[in-house]
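Only one structure is covered here, and it is reproduced in the block below.
When reading the values below, keep in mind they use all heavy atoms of this one structure, side chains included, and skip hydrogens, waters and symmetry mates.
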Amino acid sequence: AGRSSMELLRRPAAGLQEVENLSGLSTSPEKDIFVVRDNGTTCLMAEFAAKLTVPYDVSASNYVDLITEEAEIPLSRGAAVRGKCGTADAELQISWLDKVYTLKLYFIKEGHNATKRQEAVWKMNKIQFVYDSSERTYFKDAVNPGKHTANSHHLSALVTPAGKSYECQAQQTISLITSDHQRTVTLLLSEVRIQPFDIRADFVFSEGHKCPVDEREQLEETLPLILGLVLGLMIVITVCVYHIHHKLTANQVQIPRDRSQYKHMG
């Protein structure tokens, strides 16, 4: 009953792999959830909010000059998704608006390298975005509209120890260059949780590996609390030591320095 009420799109893929768009389960309206399954077992999971900014030319008011505008293209909730899982490579392909827009994410897994002192890791090594500037939802009167492809170059992102999921709430920016090398498309990712390899339980991420920005923000949040606790503990210890010292001092018999006072003692 739960699945019938949620947004669920399945697409068969090669190698008995199927995909599911579980974005209807997301608590955030901007975050999408995608799952790739191989022979009935989850092999890739991805949760993230994505938006792409694409520069394009429009005619100026004099119809002679060109002005550069920027299209902001969010990932659609009803996106169609395809995926591929492998032991050392994986792929997630997301299309929306009748495949006018297609975002492809590629992942690789690198084994332990004793020479480089490198542990086994996985990472995102390529991104491709295909778009059509003749589409009117996000592109307004583009000059020379048509299909374009933008690719990442020498990408090494989301580097994560093998067997773990990548987790990052902070926004990350990745630049893609169009095939004519004239435009830079920007991919904005946030609220990210991705694992393309070594998923041990169905629909369950493995232990998370936080990005440096999240770790730094977490430290900034907890450091004042830690310092406050340490300061409070020091004050309590100081007060306790003072009271103990005061009590011991009060219980000591005061020996008069003036000998004439001895006769009054006892």
Can I get a per-line list of side-chain donor-acceptor pairs under 3.5 Å for residues 200-208, giving both atom names and the distance, sequence neighbours left out?
residue : atom : partner : partner atom : Å
Arg200  : NH1  : Gly163  : O            : 3.4
Arg200  : NH1  : Ser206  : OG           : 3.3
Asp202  : OD1  : Arg37   : NH2          : 3.2
Asp202  : OD1  : Thr42   : N            : 2.8
Asp202  : OD1  : Thr42   : OG1          : 2.5
Asp202  : OD2  : Arg37   : NH2          : 2.3
Ser206  : OG   : Gln195  : OE1          : 3.4
Ser206  : OG   : Gln195  : NE2          : 3.0

Looking only at atom types and distance, does a side-chain atom of [X] sit under 3.5 Å from a main-chain N or O of [Y], one as donor and one as acceptor?
X: Ser26; Y: Lys31; result: yes
X: Arg77; Y: Ser23; result: yes
X: Glu20; Y: Leu22; result: no

Could you tell me whether Glu30 atom CD has more than 12 heavy atoms of other residues or ligands within 6.0 Å of it?
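No, because the 6.0 Å sphere around CD of Glu30 holds 12 heavy atoms or fewer from other groups.
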
In this structure, are over 12 heavy atoms from other groups packed under 6.0 Å from Asp180 atom CG?
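Above 12, so yes.
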
Residue of the set Ile127, Val54, Thr184 for which side-chain contact (heavy atoms from CB on, under 4.5 Å) holds with Leu176
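Only one of Ile127, Val54, Thr184 forms a side-chain contact (heavy atoms from CB on, under 4.5 Å) with Leu176, namely Ile127.
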
Take Glu91 and Lys104, measure what salt bridge (charged side-chain N to carboxylate O under 4.0 Å, His left out) needs, and give me the verdict at the end.
CA-CA 7 Å; Glu91 176 186 336; Lys104 299 179 182 180; 5.6 Å; no

Using every non-hydrogen atom in the two residues, find where [X] and [Y] come nearest and quote the distance to one decimal.
X: Asp89; Y: Phe197; value: N-CE2, 3.6 Å
X: Cys85; Y: Val36; value: SG-CG1, 3.7 Å
X: Cys211; Y: Tyr166; value: CB-OH, 3.3 Å

Pairing residues for Ser156 by the side-chain hydrogen bond (donor to acceptor under 3.5 Å, both in side chains) criterion, not counting sequence neighbours
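Applying side-chain hydrogen bond (donor to acceptor under 3.5 Å, both in side chains) to Ser156 gives Lys123.
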
Out of curiosity, [X] [atom1] to [Y] [atom2], how far, rounded to the nearest 0.5 Å?
X: Thr186; Y: Glu72; atom1: OG1; atom2: CD; result: 10.5 Å
X: Arg183; Y: Ser175; atom1: CZ; atom2: OG; result: 14.5 Å
X: His153; Y: Lys126; atom1: NE2; atom2: NZ; result: 9.5 Å

Measure the acute angle between the ring planes of Phe129 and Tyr101, then classify it against the limits of 30° and 60° as parallel, tilted or perpendicular.
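Ring orientation of Phe129 relative to Tyr101: parallel.
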
